[in-house]
Amino acid sequence: VMLRLRLLTWDVKDTLLRLRQPVGQSYAAEARAQGLQVQPEALGRSFREVYGAQSRRFPNYGHGQGLSSRQWWLDVVKQSFRLSGVQDEAALTKLAEKLYRDYCSSNTWELLPGAAETLSRCRQLGFRMGVVSNFDRRLEAILSHCNLRHHFEFVLTSEAAGFAKPDGRIFEQALRLGGARPEQAAHIGDDYSRDYRAARAAGMHSFLLRPAGQAEGPQVPPEHVLPTLSHLLARIEK
């Protein structure tokens with residue numbers, strides 16, 4: 001079937017970029033650099049607990065609740081260390097500010113296999129391209145540092161949009177930015193409900209990045225599944 005696509009929108013984390021090491025490991029390494037011994041596994045567990053609680057209490061980085069995303073993240077980092085036994089407030093502040101900056105750097109992120117080549121090829125084929133990501137304002141800098149920013153006409157974060165996926169309004173904003181009707185657009189992401197299903201609910205096409213060997217999730221038609229990003233081109237060739 002010819003999809004007649006004009007616009008491709010992309011999730012970023014675990015679709016185009018992934019963390020080089022687990023959060024617990026990078027947090028523990030930064031603590032060590034400041035002379036503090038904290039177990040990476042304990043920090044990882046603390047982080048997941050704190051991140052979950054903060055996300056429920058202040059959704060979308062506290063947007064609309066008077067919190068800046070920077071403050072939101074500084075609180076998450078400090079609480080994660082507190083829960084892992086670090087009590088020194090001066091050390092907590094220093095750790096939080098350093099890690100907030102570090103997560104902008106290309107040392108923290110790596111490209112997924114096929115990402116650079118697939119994005120280049122999609123642009124050569126004449127697709128308009130944008131990012132739709134549940135992320136904070138640092139995303140522009142991260143994409144620039146990882147040499148991906150130039151592929152995209154726009155980068156729409158949930159912080160800037162005021163809505164987070166799976167809310168259809170973030171996709172509506174993306175379609176306006178990309179100058180396309182829903183049926184002319186496809187979204188690519190790794191999350192079944194926030195990416196694959198949410199884009200389809202907004203009337204778009206979508207493809208689910210689901211690497212081979214990954215635990216089976218909900219049923220998706222095989223022609224909508226991407227075992228790697230390199231499989232996308234065969235699905236959308238004009």
Side-chain angles (χ1 to χ4, degrees), residues 1-18 109-135 139-140 142-144 146-158 161 163-238:
V1 292
M2 291 293 289
L3 293 183
R4 306 223 181 279
L5 299 173
R6 294 183 54 196
L7 172 69
L8 301 178
T9 64
W10 297 80
D11 174 54
V12 175
K13 187 176 181 293
D14 297 325
T15 297
L16 296 173
L17 295 174
R18 62 187 170 205
W109 300 93
E110 63 186 7
L111 271 70
L112 267 82
E117 303 79 358
T118 302
L119 291 172
S120 296
R121 188 80 189 103
C122 287
R123 278 181 70 219
Q124 284 164 359
L125 289 168
F127 291 107
R128 303 184 72 170
M129 305 248 283
V131 160
V132 180
S133 172
N134 288 357
F135 217 99
L139 189 57
E140 289 267 3
I142 291 167
L143 290 167
S144 295
C146 296
N147 197 28
L148 293 181
R149 177 63 186 89
H150 63 282
H151 291 299
F152 304 108
E153 289 187 30
F154 63 88
V155 173
L156 184 61
T157 63
S158 59
F163 307 105
K165 300 178 297 189
D167 191 311
R169 288 172 289 188
I170 192 170
F171 290 105
E172 287 166 17
Q173 286 189 34
L175 291 165
R176 280 201 297 278
L177 288 167
R181 295 193 308 277
E183 67 276 11
Q184 299 173 314
H187 180 68
I188 299 99
D190 70 301
D191 188 282
Y192 173 77
S193 59
R194 287 193 291 264
D195 292 311
Y196 178 77
R197 209 178 59 194
R200 291 194 168 258
M204 297 167 66
H205 300 273
S206 62
F207 297 95
L208 181 66
L209 180 65
R210 187 183 266 174
Q214 190 178 309
E216 271 310 293
Q219 276 290 280
V220 173
E223 64 273 20
H224 298 164
V225 175
L226 307 176
T228 73
L229 289 174
S230 306
H231 285 74
L232 178 68
L233 293 164
R235 308 269 199 271
I236 62 167
E237 282 282 18
K238 289 192 162 180

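Everything quoted here is computed from the prediction, not taken from an experiment.
- Of all non-hydrogen atoms in L125 and L233, the two that sit nearest each other are CD1-CD2, 3.9 Å.
- Between V131 and T9, every side-chain heavy-atom pair lies at or beyond the 4.5 Å cut-off.
- In this structure, L112 and L17 approach most closely via the heavy-atom pair CD1-C, 3.4 Å.
- Shown here for P182 and A202, the closest heavy-atom pair between the two residues is CB-O, 3.5 Å.
- By the 4.5 Å heavy-atom criterion applied to side chains, L119 and M129 are counted as neighbours.
- For H224, the ring-ring contact (aromatic ring centres under 6.0 Å, His included) partners two or more places apart in sequence, or in a different chain, are Y196.
- The line from CZ of R176 to CG of L156 is 9.5 Å long, rounded to the nearest 0.5 Å.
- Between the Q173 side chain and the A161 main chain, a donor and an acceptor come within less than 3.5 Å of each other.
- No donor-acceptor distance shorter than 3.5 angstrom exists from the side chain of R6 to the backbone of A180, with no hydrogens or angles considered.
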**Message:** Assess the residue pair N134 and T157 against the criterion (side chain to side chain contact (heavy atoms under 4.5 Å, CB included)); give the C-alpha distance rounded to whole Å, side-chain angles, the decisive distance to 0.1 Å, and a yes or no.
**Reply:** CA-CA 6 Å; N134 288 357; T157 63; over 6 Å; no
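- Across D195 and D190, no two heavy atoms sit closer than the pair OD2-N, 3.3 Å.
- In this structure, the side chains of R197 and P166 stay at 4.5 Å or more apart for every pair of heavy atoms.
- Taking A185 as the reference, L7, L175, M204 meet the side-chain contact (heavy atoms from CB on, under 4.5 Å) condition, with sequence neighbours excluded.
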**From CA spacing to verdict: side-chain hydrogen bond (donor to acceptor under 3.5 Å, both in side chains), D11, H187** = CA-CA 8 Å; D11 174 54; H187 180 68; 5.7 Å; no
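- Without hydrogens or angle criteria, K165 side chain to I170 main chain gives no donor-acceptor distance under 3.5 Å.
- For CZ of R210, the number of neighbouring non-hydrogen atoms (other residues, nucleotides, ligands) closer than 6.0 Å is greater than 12.
- In this structure, CZ on R121 lies 5.5 Å from CD on Q124, to the nearest 0.5 angstrom.
- Smallest separation of non-hydrogen atoms from W10 and C122: CZ2-SG, 4.3 Å.
- The shortest distance between side-chain heavy atoms of R18 and E110 falls below 4.5 Å.
- Side-chain N or O atoms of R235 include one that pairs as donor or acceptor with a backbone N or O of E223 at under 3.5 Å.
- For the residue pair W109 and C146, the shortest heavy atom distance occurs at CB-SG, 3.9 Å.
- Within 6.0 Å of CD in Q219 there are 12 or fewer heavy atoms belonging to other residues, nucleotides or ligands.
- In this structure, L232 and F207 have side chains that are in contact, with non-hydrogen atoms separated by less than 4.5 Å.
- Atom NE2 of residue H205 and atom CZ of residue R200 lie 7.5 Å apart, to the nearest 0.5 angstrom.
- Every side-chain contact (heavy atoms from CB on, under 4.5 Å) that E140 has, sequence neighbours left out, goes to R149, V155.
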**Request:** Would you check, one step at a time, whether the test side chain to side chain contact (heavy atoms under 4.5 Å, CB included) holds for F135 with V12?
**Result:** CA-CA 9 Å; F135 217 99; V12 175; 5.5 Å; no
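- The residue from L226, L16, L229, T228 that alone fulfils the side chain to side chain contact (heavy atoms under 4.5 Å, CB included) condition with T118 is L229.
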**Request:** Could you walk me through whether E183 and R4 pass the side chain to side chain contact (heavy atoms under 4.5 Å, CB included) test, one step at a time?
**Result:** CA-CA 8 Å; E183 67 276 11; R4 306 223 181 279; over 6 Å; no
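- Residue K13 holds its NZ atom at 9.5 Å from OG of S133, rounded to the nearest 0.5 Å.
- Considering OH of Y192 and CG of L208, their distance stands at 9.0 Å, rounded to 0.5 Å.
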